[in-house]
Every structure is written in structure tokens, then in C-alpha cells.
Engineer: 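The structure's right below; bear with me while I get my questions together.
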Amino acid sequence: MGCVQSFRELCDRPKNTNVRISLPAVCIVWETAMIILFGIFIRYDDDSDSHWIDDRKETNKSDIENEFYFRYPSFQDVHVMIFVGFGFLMTFLKRYSFGAVGFNFLIAAFGLQWALLMQGWFGSLGPDGKIKIGVESLINADFCVASCLIAYGAVLGKVSAVQLMVMTLFGITLFAVEEHIIIHIIHAKDAGGSMVIHTFGAYYGLFISWMLYRPNLNQSSRLQCSVYHSDVFAMIGTLFLWMFWPSFNSAIADHGDGQHRAAINTYLALASTVLTTVAMSSLFQKHGKLDMVHIQNSTLAGGVAVGTAAEFMLMPYGSLIVGFCCGIISTLGYIYLTPFMEKYLKIQDTCGIHNLHAMPGVIGGIVGAITAAAATESVYGVEGLKETFDFVGDMSPTKQGGYQAAALCVAICFGVGGGILVGCVLRLPIWGDPADDSCFDDEHYWELPQDEESTQPVLQYNNHMRNKDVIETNFNMQQT
Amino acid sequence: MGCVQSFRELCDRPKNTNVRISLPAVCIVWETAMIILFGIFIRYDDDSDSHWIDDRKETNKSDIENEFYFRYPSFQDVHVMIFVGFGFLMTFLKRYSFGAVGFNFLIAAFGLQWALLMQGWFGSLGPDGKIKIGVESLINADFCVASCLIAYGAVLGKVSAVQLMVMTLFGITLFAVEEHIIIHIIHAKDAGGSMVIHTFGAYYGLFISWMLYRPNLNQSSRLQCSVYHSDVFAMIGTLFLWMFWPSFNSAIADHGDGQHRAAINTYLALASTVLTTVAMSSLFQKHGKLDMVHIQNSTLAGGVAVGTAAEFMLMPYGSLIVGFCCGIISTLGYIYLTPFMEKYLKIQDTCGIHNLHAMPGVIGGIVGAITAAAATESVYGVEGLKETFDFVGDMSPTKQGGYQAAALCVAICFGVGGGILVGCVLRLPIWGDPADDSCFDDEHYWELPQDEESTQPVLQYNNHMRNKDVIETNFNMQQT
Amino acid sequence: MGCVQSFRELCDRPKNTNVRISLPAVCIVWETAMIILFGIFIRYDDDSDSHWIDDRKETNKSDIENEFYFRYPSFQDVHVMIFVGFGFLMTFLKRYSFGAVGFNFLIAAFGLQWALLMQGWFGSLGPDGKIKIGVESLINADFCVASCLIAYGAVLGKVSAVQLMVMTLFGITLFAVEEHIIIHIIHAKDAGGSMVIHTFGAYYGLFISWMLYRPNLNQSSRLQCSVYHSDVFAMIGTLFLWMFWPSFNSAIADHGDGQHRAAINTYLALASTVLTTVAMSSLFQKHGKLDMVHIQNSTLAGGVAVGTAAEFMLMPYGSLIVGFCCGIISTLGYIYLTPFMEKYLKIQDTCGIHNLHAMPGVIGGIVGAITAAAATESVYGVEGLKETFDFVGDMSPTKQGGYQAAALCVAICFGVGGGILVGCVLRLPIWGDPADDSCFDDEHYWELPQDEESTQPVLQYNNHMRNKDVIETNFNMQQT
């Protein structure tokens, strides 16, 4: 017994999961830095500053035309997706629900502050050197964080909170640069972030997971599965993501018809995806039973894939087609691709983000490029075409299509390159990540309630008693 | 052992729950049909088309006056009710949470596409043969789906996914016709759908359940109950329905005071219902203990009953009175009527939709008729009366009251007739429904996680060991 | 066996938890009173009355300028916080989830009706003796209820439903008077209710708990803890509170920039709190493990503390600083202060509301006073300053600061005084509260499902069998 103990201690030595110094240090230092940087750079924008009343009177506007009323309901829906949607979607593991929802909470709150700064520096730095923030900035910060939460899905259960924070810090930084290139330099449109958020985030996570490959992860396989109630919890995440995705794709679209159309397209694409996901899930299982993994994840693929083109005149049937294809591709991905990638490409993808975000994101980029290239004045109207694509100078739909395709490449490159780089950093043995046989286990990072008592001690107790019986029996028999 | 096995196989033969061919086939064929029909018929409406900018400039409107901003927040609330509200409300069964939330998800996504088409053909087909959709269409599609989800409550756990889809297909079709008659021909008002949605949906479901009567359902009674955590999950559904019901009843009410008043009336009616539900639940149980079934369901009855009259000048105290009565009636229904209906009328109503939707829906129709008939210009104002009831020609409040009552009859007839018809179709032995002893069990339609391991094998293991003990003991004793 | 039984019956006699008469009586009598009082006093306000159309035409307004569209999305978010947020936050106890979410539901629905009346009598009684209600009244009623739900947190698991209703009845009454003094007499500003709601509610609850001190509460300590899944349920509450807190603090702020700024400030303060809470939680536990109690509660402290100053020009970095401090203070409160208060001050605070509401509330009041006192025309603009603080006559920022401080004192006094008074009433032995060894147990007030069967009988069964084995063995041996 003592021998086994000391052997395990030896094995665990390089994997010390104690983050009692590093985690508080990172949090406090980081938050202090944020306060200083916010003090120097961040101010309210025109619509949230108390001078707005002068503005309003000058331009004879109504209070209701404050940007707040255009975007706040969508912002709250996006906020729910980030914290409840992503958080609960990952609670499906038997013993990693605290880590799923808790670390998701931590890195989202951590990331959004850094996102406000990074996106401000690259996007909206005023001539006075100040970043002006309003409700649209908050949405953008949430979007930025989303890419890191997607990446978290690939490494769920295999990293420590400190690693997640490092991953988020770099992720947000890379995101802001990538977004700046795609939106402000290439002038591609990406309202729902198929490329900017999903493609980037997914490849970023997948290549980090590749760098952190664990050959002996099967030692934790007893915990890499769900229980009945954890699957129901995960459905909370799925449904809030599914329901609010129309808000996600329309949150920063153009006022008026832009937001309206983005919501309709997303609503339809998602409805279509559910049908094909169920079809594939049933078709590829014995007895036609449905698999919760597909229902929880693949049903969302349509929302990802319609992101870029959501505010274009994709037409309702176009949205249905996109959703139709993505439901099939994503479900087949879970059935064939995820095991293949783990076995041959050494990419261990806990939540299957390759099927939910990477492939649908790339499809979304392509759909966006085609839809943009095919845009005509007869469909959009002269004014409508300009308004939708923000054309300036001699831009044409064909050119825009090309730029959209270029943007997709940028997103993939940033994801892959960033993932490899940050993966290198995360391989350092200083971050408190768990050993191969301790993955997917809240035990190492959370004070757990003692509910094991109700089931496991039964087993131990009985074993003990049984042995005692045998001993007693033998003893009695020896007496006789 | 082999004998029992073959006997069970024999019994189960007509009840083959394998839907591996039928479910994917229905999904794929259906979705393909949707794409084609959407391609032919469905287009964006004026407020979601990119030509809206021309419109806006002509009429000198602000972007904020796009229909999107009037209705999108309410739409999202309704959306949450449909997917999380109805879905989680039905998770209360011990082993049918996947089926509750998963099939709810499937048929809602399936139904809303068909609803857009059906409601378009009957309601908003333009002179060019196109259906123009916008955010109000999405809300109406969600409403339409709600009636089928209500019907699902009656047959929960006793039907297969394929049956549910057939039921939804016919349900949506009937709904669209019924709604067209009530709203466009009879010109009745029904903002919150007490008649159109709840009365129709409930009788539709109840009469399907009557047609599918299972005399031996008690063979599944071990599963027709809740466990502690499944009741907490169901409370998620209850609360989201309860909280967002004001949005449900106000979502398609008139702009301005109409939506405002509908929200207030519903808020008050629901608050009042909670109090009387608790009172009745406590009064009719031994020791005054509360029953979760009542808290989960009857607390919502007030929202149903105030649906039709929500946008009328029902007055705040009127809303309270409606809620007061419905809490009592609905709870008493659960205590006395549901067992009575099962025993004598052969209607097995899993979720008690008769108490939550049918009775309150009928009450709502009657309240609506009375309130309309009692409307006066002194209360509504000259303009307000016209605006609220959309009076044209020689309509008067008294006539309107009569029309409201007629509408209620139409809703009931469609529900009963439709239920019987569709019930006949669903009795065909080709749909993969479960046997009488396999109802309320996710086992047959879902790949279940192996969490039984943690408790049941303990039992088996111990039994096994105990026998071994005895054997060993005996063996030892024989030795001595 | 019979002896133990009768002894326990004797002990339980003064603690009869049967509320079969009292609970229904209170509910029915109360609801009837509400209907009568609503009939006499409550009418629709201008924006929700059907005469609004005349208004609108006269003033040449758009429908979108109806108050409904300014506040309804925020109202729904607040509504979710009240019912799902507070309700699920308290489900963390192992066997009190029904009581947490169910009684929360009951007293919120009960309280909001009384709040509409009380706040109307004190705030908006018209010259015709009528109270005009609209969407802002609904938000205020929800706010009022929030203070009582906070107080519920202190006594969670230790009181009966009847006691809770009495507590709510008095709490709402005191709240309305306190709010009237603070808002209408002192003219303090408190958009997010740091003082009015949180400070008052927390001290009200704490002093009731002090009056109801149970020296033998440790007899229930086996139930005063969580299980794995109950902690995940509680996270649903935490996250909905956290996400929607920006809506809470901005719901009744000034139109336009006021609401906009309040949302931004709250968003930032909350993000900052998460980081310092995690830091403290990890730093003060062995092995740096995180404690769910802190993550569930202390992460919200920043939202409480930024309540009063949310609509002021607190500046983004100011919000971060407030959140930073509150995360630290609140977490340390859970670690050191709660045990201290229980041991030495005889205040048993089940949910730790002292750390989540009382301390952050007081901090919020102080921050509000300082921010108000430091307000200048250069920061706010001449018009902006007047608009933000509603200055009339010779008011100045310095004076306003003093009034804010006075308001804080009023809130504390009402909380402490009210708590002691109401605590006296609740000590009467007629309310059906549980005995010291029956606290934190749904058993006494709810019909519980029989899910114990799945685990506990295993134990009993095995014990039984084991004994039988031994007996059989002995018997067998005696034979030999």
C-alpha cells in the first residue's frame, strides 16, 4: 500500500495541481493592470456619456434612438450565450461540471476586460488617445471572449485554470489583431463571426490541444463520459445557445433591416439543422437510437455556418440549405472524424469543436464569399447594396467575394499559428495541469461536497462487512 | 429464463421501437420539401428586405421604427418558452428527461418551418404569390408550434418521435386553418391564444391520447413518477414559462398601449394564480404539504386564461380575479379530474394538460367574450375602442362578444375533431411506439450513459457476493 | 422503538409543521384582499391605457416612444433575476431545493401585488385617489420583492411558508416607507438599490435570523451542505443574476445615457469581482482549490456595490475598482465573518447574505455618496449634471453627497429595526416552523418523490441480508 502511494506521488510530482500561488497571483496582478489601463484609456462613448443630452437636443433626436435601445436586448442574449450557453454546454461530463461552468465563468470575465482594451486600441482609439465604449463594445468584447471559450472546448478537463487564463490572454490578443485585419484592412463583412470567431477560435483550440497531446489519456476514460443528469444540464446550454443564436448573428448587424434579416436567416438555418442532425444521429446508431452528443452539439452548426452571410440577402431557402448541410456534416464529424483525429492526428478534442465550430465556420466563410460575390443591385436595391456591404470607392460584389475568401484564410492562419505558439507556452511544466489519470475530474481544483458518501461507502462498507462475515464464519467454523 | 425472454420478445414484436429507417427518412424528406417550398414561396417582408432603406427615407422614419425593435425582445422570450419552457416543464419524469427536452426540440424545429408556410398561405400570401416573412411571422410560427407542444404533454412518454412528427404535421395544418377561421373570417381577437393555441392544442392532444388509450399502462407505473432532481429541472421550465408569459400574451398585440396592457394583465393574473394554487395544494394534501405537480403546472393557468382578454381593458383587478379562479380550478383538476378522466373517460393525460391548458383556455375564451361584449367608449375612448378591436363597418362590442364565443366553439371543434382523426392515423402499428411496459423510458429511443453502474451494480455485485459467501460458507462447513 | 417514537413526538409537539389550515387561509384571505384593493385603487397609466392613442396623436409621438419599449426588455431581465436568479441561487442545499425555488416563487408572487399597492400609495397616488401602473411600476414591484428574497437567504431552511409570508408582508411595507423617505423626501438617487434594496433587505433578514436564533441548529448540520448536482443548480441562479445585473441597475435609470451608462458600469464591476473572488477563494483554501460557495455568491458582490453609483459618471475604471474591492471583502466575509457571526453574534446566516448584500450594499451607498459629492459640471456637462441628479432649486453635488449618506443610514435603521420587530412576531409558536433537527429539509413541507429507494434500501437490504447470512451461517454451523 505504502509502495503504491509513493509510486503515485513520484508520478504526480511533475504534475502538481496546486495553484494556490499562481492562480491568485495571476488574477490580482491582471486585475490591477486592467484598472490602470482602463484609467488611462477607457471612457464612455457619446451615447453613454452624460453629455448625450446636449447631443440629443442639437440633433432633435428622441431618447429611444440612443444606441442602447437598438442593441441592448441582443447584448443580453449574447451575454446569456457566453455564460450560460457555453458554460452549461460543457457540463456534460460526469465529474467536470464545476470546471465547465466555473472556469468558463472565470475566463469569460477575465477575457472581456482585455478584449475591451485590445479591440479599442485596434478599432476605436480616438484622436485624444481614448477608447470610447458603449453597448456595441460590450457585445464585441463578448464575441471576442466567445472565440476563447470555443477553444476551451477542445482542452476541457485537461488543463488548469492558470493555463486557461494564459490561453485566454493570448487568444484575445490574437483575436483583436485578426479581427482588425479582416474587418478594417480587408474590409470583409462578418456579422455573426463565422470566420472571425468560430473558425479562428476552433483552430486555435485544436492546435493547442495538438501541442498538449496526452498519449495516456485513456487512463481517465472512466470520467470522460456523461451521466443522465449531466446530459440534461448540458441541454440547458444547448438550448440557450440555439435560441439566442439569432441575437448573436444580428447583434452588431446594421440597424433596421440588417438586424432583422440576420435574425430571420439564423432562425431558419438552426431549425433546418435540427432535422438533419436527428436524421444522421438515428441513421448511424444501432436500433436508430439518438445520441445526446449530437443533439447537444450538431444542432447548433447551422447557426455557426450562417454567421457571415446572415445579414446578406441569403434568402430564407438559402438559410435552410446551409442548415441542412451543416447538420449532416457536423454529425458525421462526431461519428467518424473525432475518433480519427484523436487516433491519427493526435488531436484530442473533448467537446468536438472541430465538428461544431471549425467545419461549420469554414463553410460559413465560403457561403459568405459566394453570397457576397453573387450580390446584385436587382436583389439588394442600389441603396441597399451599398448599405449592406458598406461599399466605398470602386468596390464591387465580385471583389467583395474575393476579400471574404481572403478573410477566411487569415482566420485559419491565425488559429493554426496562434494555437501552435500558445501550445508551446502551455507545455511548460509550471501551470498546474492534471496528470493523465486525473483529467476530467473536478477533484483537483474544487472543494467537492461529500455526496460520494451516499453511494461509494456502501460499496466499501459492504466489502468490509463481507470480509468480516467470511472471517467470522471461518472463525466460527474453526471453533466448531 | 430463456422462456421469459422469448415470451417478452413475442409481446414486443408488434411494438418495434426501432426507428432507424423511418425517423431519418421523415426528417430528410421533410426538410427537402421545406427547402423547395421555401424557395418557391417565402421572401423577406418590407422591414427585413434590403430595400427597406428606400422605404425608410421616403416615409421619413427612423431605423428604430423597424418592426424588429417593436417585437424582437418579445419574440426571444416566446422562443425561450417554446424550447426551454415547454421542454423542461416535461422533464419531471424520472427517466424521460431526454425524450421530454429532446423530442420537444425536434418537433418545435420541425413544426415552425411548416407553420411559416401554412400561416403564410392562409394569412399573408401576396398578389405575387409570395409569402413575406418578418419577426411577427416568427412569433406566429412559435405560437403555432406551442399548440403541438401542448398536445405532446398529453401523450408524453407513450409515443415515438415519428408519431410526434406526424402529430405535429397535422397539428400545424389544422392550427393554420382554425386560426384563419377565427382571426380572419370570424374576426375574433385572441392576442395570447387562449382559444386558438391553448384550447385547440389541449383538446387535440387529449383526443389523440383517448384514441391511443393503453389499458395496461400501469405496467409502466414504476417510471411514471419523478425523482428529486427531475422535479428541480421541471421547475426551470415552469419558471421560464411563468416569467415570460407576459411576453407571450403581448408579443403580437397592438403596438404601444396594446402590448403594454397585455403584459401588465398577464403579470397580475399569474401572480394571483400562484397564491391560490399553493392554497389548494396545501389544503388537499395530508399534513398540508405542497405537491410539486401543482406548483409546476397550475401556477401557469392564469397566463392561459388571460390570453384572449390580455389586450382588452380587463382592468388590473379583473386580471387578479381570473388568476384567482384558475389557480383553484386547475389544482382541483389535478387532484380530482385527471384520475377521473383516466379511469372513466379513458383519457391518459401524462402532464395534465386538461388542467393547465384546456380548462383555463376555455375560461380565457369566455372571459374574452364577456370583456369584449362589455366594452364601452367611456372606458376605451372612441379611438381606443376602434383601435383595440379593429372595428370596421357596423361592428359593435356586443357583436364582437358573440363572435368571440363562436371562435371558442371553433377551437374546441377543431381540437376534438382533429384529435380523433389524427389519433386514428397514429394507431397504425408502423410508427415504432413503445409497448405498455416500456413507456416513460428513454432507453428505447436514446443512447443512455452508463450511470446505472454507480448504483445498480452495487446491488448485483452484493447479491452475487452474498451468494458466494453462502456457498463458500456451506462449502467450508461441508469440509468441517 | 415505540419509546423513541413518543419521545420524538413530545419534542416535536411545539414544532408542528402542519400548515394545512394556516397556509391556505393566508393565501386566500390575502389574495381576496388584493382583489378588493386593486379594484378600488389600481388603474392603467397613460402609456398602457387605451386612451394612449389620443395622447400619441396630440403630441405627435411614435408608438415606439411608449414607455414599454424603453423598459420592457430590462423588466424581463429583472423578472428572471427575481424568480430564477434568487430561486436557483438558494437550491445549493442538498435537500432544500424545492423549498428554495418553490417558496421563493410563492413569496415573490405574493409580495409583488402588495408592493404595487404600497409603492403606489406612497409614490404615485393621483389626485383622483387612483394608482396608475405601467411597466416601471412592475419593475419597482420586482425590486421591492428582491429585498424580501434577500432576507429569505438568511433564514433559508429554518422557517415555514407562513412565516415567510408574514416576513414578506412586513418587509414590503417597511420597504415602501423606507424607499419613500430615501427617494421622495431625502431625494437621494439609488437606481440599482444598493441602499434601498440590498442594505435594507440584508439587515432585515439578518436581524430576523438573530431573533430566531437556534442554539441547536447543529442537529441539522447533516443537511446544511450541498451535493454535486445541487451546486450546479445553484450556478444557474448565480449566472442569471450575474448576467442580468446590468439590467437590474439600469432598469429604472434615466432614459438614454442613464440606462446605457448604468449597464456599462455594472458589467465592468461584475467582471472585476469574478477575478478577485477566484483569487481569494484559491488563496485561502488548502491546495488552492476553489470553493463553490464563493463562486456562487461573492462574484455578485460587485453588482450590489455599484448599484447606487451605476448611473453616475463613475468612469469605467471606477467600476473596476469597486468590483475589485467587493470580490475580496465578500469572499473574506464568507471565510471569516460568517462563522464569527454565528458563533459570537448569534446570527445564523444560511446563504451568507451579510457578505453578498449587506457589506457590498453599504459600500455601494458610500461609493454613491462620494461619487455624487465629487460630481462637477466639467465632467457631467451643465445639462447632464441637472439631468443625472434631478437637481431642483439650490441643490449642489456636495449637498447631494450628504443626502446620499443620510439615505444609507435610513436604510440600515429600517433594516435593523424592522428585522427586530418582525423577528419578535415570528417567534410566536403558531407559524409551523421546523424543529432544530428538521431544518434544511423539504420533507416537512413538500410531498417528496420516492427516489431514496434507489440508494438507501440498498444499504438496508444489504444489512438485512448480511445479518441473515450470519444467522444462516450460525444456524448451519449449529447444525454441524
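First the proteins, then the strands, lettered A, B, ... as listed; each starts at 1. Not measured: the values here are computed from a predicted model.
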Engineer: Would you call A:E31 and C:F324 a side-chain contact if the rule is heavy atoms closer than 4.5 Å?
Structural biologist: yes
Engineer: Side-chain contact, heavy-atom cut-off 4.5 Å: A:F110 with C:V278?
Structural biologist: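 In short, these two side chains do not touch, never coming nearer than 4.5 Å.
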Engineer: Ignoring hydrogens and angles, tell me if any N or O in the side chain of A:R20 forms a donor-acceptor pair with the backbone of C:H287 under 3.5 Å.
Structural biologist: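 No: the side chain of A:R20 does not pair with the backbone of C:H287.
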Engineer: What residue, out of C:G384, C:S282, C:G381, has the most heavy-atom pairs lying under 4.5 Å from chain A?
Structural biologist: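 Among C:G384, C:S282, C:G381, the one with the most close pairs to chain A is C:S282.
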Engineer: What residue, out of C:P316, C:S247, C:P73, has the most heavy-atom pairs lying under 4.5 Å from chain A?
Structural biologist: C:P316
Engineer: Check for me whether the distance between the ring centres of C:W245 and A:H79 falls short of 6.0 Å.
Structural biologist: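 No - the distance between ring centres of C:W245 and A:H79 does not fall below the 6.0 Å cut-off.
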Engineer: Answer with side chain, backbone, both or neither: which region of A:K61 has an atom nearer than 4.5 Å to a non-hydrogen atom of chain C?
Structural biologist: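 No part of it gets close to chain C.
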Engineer: Would C:K286 and A:E447 satisfy salt bridge (charged side-chain N to carboxylate O under 4.0 Å, His left out), going step by step from the backbone distance to the final call?
Structural biologist: CA-CA 9 Å; C:K286 257 190 289 179; A:E447 295 282 335; over 6 Å; no
Engineer: At what distance, to the nearest 0.5 angstrom, does OG of A:S50 lie from CD of C:E377?
Structural biologist: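 Spacing of OG (A:S50) from CD (C:E377) equals 11.0 Å.
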Engineer: What closest approach, in Å, do A:L112 and C:A271 show between heavy atoms, and which atom pair accounts for it?
Structural biologist: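 Closest approach of A:L112 to C:A271, heavy atoms only: CD1-CB, 3.7 Å.
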Engineer: May I ask you to name which of A:I42, A:I40, A:V19, A:V80 has the most heavy-atom pairs under 4.5 Å with chain C?
Structural biologist: A:V80
Engineer: Could you walk me through whether C:Y267 and A:V135 pass the side chain to side chain contact (heavy atoms under 4.5 Å, CB included) test, one step at a time?
Structural biologist: CA-CA 10 Å; C:Y267 174 90; A:V135 66; over 6 Å; no
Engineer: Quick one: of A:I64, A:V101, A:L37, who has the most non-hydrogen atom pairs under 4.5 Å with chain C?
Structural biologist: A:I64
Engineer: Locate the shortest heavy-atom distance separating C:L314 from A:Y44; write the atom from each residue and the value.
Structural biologist: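 Where C:L314 meets A:Y44 most closely, the heavy atoms are N-OH, 3.6 Å.
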Engineer: To the nearest 0.5 Å, what is the distance between CD on A:Q113 and CG on C:L320?
Structural biologist: 5.5 Å
Engineer: NZ/C:K289 to CG/A:L448 distance, rounded to the nearest 0.5 angstrom?
Structural biologist: 7.0 Å
Engineer: Would you please test A:V84 and C:F240 for side chain to side chain contact (heavy atoms under 4.5 Å, CB included) and show each step?
Structural biologist: CA-CA 8 Å; A:V84 165; C:F240 275 101; 3.9 Å; yes
Engineer: Has A:Q76 got a side-chain atom pairing as donor or acceptor with C:M243's backbone, closer than 3.5 angstrom?
Structural biologist: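 At least one qualifying donor-acceptor pair exists.
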Engineer: Given that the side chain runs from C-beta out, which part of C:E387 has a heavy atom under 4.5 Å from chain A: side chain, backbone, both or neither?
Structural biologist: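 For C:E387, side-chain heavy atoms alone lie under 4.5 Å from chain A.
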Engineer: Can you say whether A:S22 sits under 4.5 Å from chain C via the side chain, the backbone, both, or neither, judging by heavy atoms?
Structural biologist: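 Contact with chain C is absent: no heavy atom of A:S22 under 4.5 Å.
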Engineer: Heavy-atom distance under 4.5 Å between the side chains of A:L23 and C:L290, does that happen here?
Structural biologist: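 A:L23 reaches C:L290 side chain to side chain.
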Engineer: Heavy atoms only, distances under 4.5 angstrom: which of A:T91, A:D54, A:I133 has the most pairs with chain C? Name it, please.
Structural biologist: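 Sorted descending by pairs with chain C, the first entry is A:I133.
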Engineer: Using non-hydrogen atoms and a 4.5 Å limit, figure out which bit of A:Y72 sits close to chain C: side chain, backbone, both or neither.
Structural biologist: side chain
Engineer: What's the separation between atom CG in A:D63 and atom CG in C:D254, rounded to the nearest 0.5 Å?
Structural biologist: 8.5 Å
Engineer: Once you round to the nearest 0.5 Å, how far does CG of A:D55 lie from CD of C:E383?
Structural biologist: 12.5 Å
Engineer: Do C:F244 and A:F83 have ring centroids that are under 6.0 Å from one another?
Structural biologist: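 They do not qualify: ring centres at least 6.0 Å apart.
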Engineer: Mind checking whether A:I53 and C:K386 have side chains closer than 4.5 Å, heavy atoms only?
Structural biologist: no
Engineer: Top residue by heavy-atom pair count (under 4.5 Å) with chain A, among C:I264, C:D291, C:I295?
Structural biologist: C:I264
Engineer: Is it the backbone or the side chain of C:V379 that comes under 4.5 Å from a heavy atom of chain A, or both, or neither?
Structural biologist: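 Only the backbone of C:V379 comes within 4.5 Å of chain A.
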Engineer: I'd like to verify something: which residue of A:A161, A:G111, A:S137, A:A109 has the highest number of heavy-atom pairs under 4.5 Å with chain C?
Structural biologist: A:A109
Engineer: Return the option, out of C:S74, C:G288, C:S62, with the maximum number of heavy-atom pairs under 4.5 Å with chain A.
Structural biologist: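 Among the listed options, the one with the most contacts to chain A is C:G288.
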Engineer: Would you say the side chain of C:T276 lies within less than 4.5 Å of the side chain of A:C27, judging by non-hydrogen atoms?
Structural biologist: no
Engineer: To the nearest 0.5 Å, what is the distance between CE (C:M235) and CG (A:N104)?
Structural biologist: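 It comes to 9.0 Å.
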Engineer: Check whether any side-chain N or O of A:Y69 sits under 3.5 Å from a backbone N or O of C:G256 as a donor-acceptor pair, and report yes or no.
Structural biologist: yes
Engineer: Between C:F70 and chain A, which part of the residue has a heavy atom less than 4.5 Å away: side chain, backbone, both or neither?
Structural biologist: both
Engineer: By ring pair (Phe, Tyr, Trp, His ring centres under 6.0 Å), which residues pair with A:W446, not counting sequence neighbours?
Structural biologist: A:F98, A:F103
Engineer: Which of the residues C:L268, C:T299, C:D77, C:I236 is involved in the greatest number of heavy-atom pairs with chain A at under 4.5 angstrom?
Structural biologist: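 Looking at each option in turn, the highest pair count goes to C:I236.
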Engineer: Using heavy-atom distances under 4.5 Å, tell me whether A:E443 contacts chain C through its side chain, its backbone, both, or neither.
Structural biologist: both
Engineer: Quick one: of C:S319, C:C225, C:P246, who has the most non-hydrogen atom pairs under 4.5 Å with chain A?
Structural biologist: C:P246
Engineer: Looking at A:F38, A:Y445, A:F41, A:F233, which makes the most heavy-atom pairs under 4.5 Å with chain C?
Structural biologist: A:F233
Engineer: If I measure from the heavy atoms of chain C, does A:D47 come under 4.5 Å with its side chain, its backbone, both, or neither?
Structural biologist: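 Both parts, backbone and side chain.
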Engineer: Could you look at A:N66 and say if it's the side chain, the backbone, both or neither that has a heavy atom under 4.5 Å from chain C?
Structural biologist: side chain
Engineer: My understanding is that only residues two or more places apart in sequence, or in another chain, count here; which of them pass side-chain contact (heavy atoms from CB on, under 4.5 Å) with C:A375?
Structural biologist: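 Here the qualifying residues are C:Y380, C:L385, C:F389, C:P397.
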Engineer: Can you name the nearest heavy-atom pair linking C:R261 to A:D49, along with the distance?
Structural biologist: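 The answer is NH1-C, 3.4 Å.
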Engineer: Provide the closest heavy-atom pair for C:V274 versus A:L106 in the form atom of the first, atom of the second, distance.
Structural biologist: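 That closest heavy-atom pairing would be CG1-CA, 4.0 Å.
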Engineer: At a 4.5 Å cut-off on heavy atoms, which part of A:D442 comes close to chain C: side chain, backbone, both, or neither?
Structural biologist: side chain
Engineer: Measure C:F312 against the heavy atoms of chain A and call it side chain, backbone, both or neither at under 4.5 Å.
Structural biologist: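 Contact with chain A: backbone only.
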Engineer: What part of C:Q285 lies closer than 4.5 angstrom to a heavy atom of chain A: side chain, backbone, both or neither?
Structural biologist: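 Both parts, heavy atoms under 4.5 Å.
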Engineer: Non-hydrogen atoms of chain A under 4.5 Å away: do they reach the side chain of C:T277, the backbone, both or neither?
Structural biologist: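 For C:T277, there is no contact with chain A at all, as no heavy atom is under 4.5 Å.
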Engineer: Relative to each other, are the rings of C:H260 and A:F68 parallel, tilted or perpendicular (30° and 60° limits)?
Structural biologist: tilted
Engineer: Of the backbone (N, CA, C, O) and the side chain (C-beta and beyond), which part of A:L116 lies under 4.5 Å from a heavy atom of chain C, both, or neither?
Structural biologist: side chain
Engineer: Which atoms of A:F105 come close to chain C, meaning under 4.5 Å heavy atom to heavy atom: side chain ones, backbone ones, both, or neither?
Structural biologist: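 For A:F105, the contact with chain C is made by backbone and side chain together.
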Engineer: Surrounding OH of C:Y317 (heavy atoms of other residues, nucleotides or ligands, distance under 6.0 Å), is the total greater than 12?
Structural biologist: no
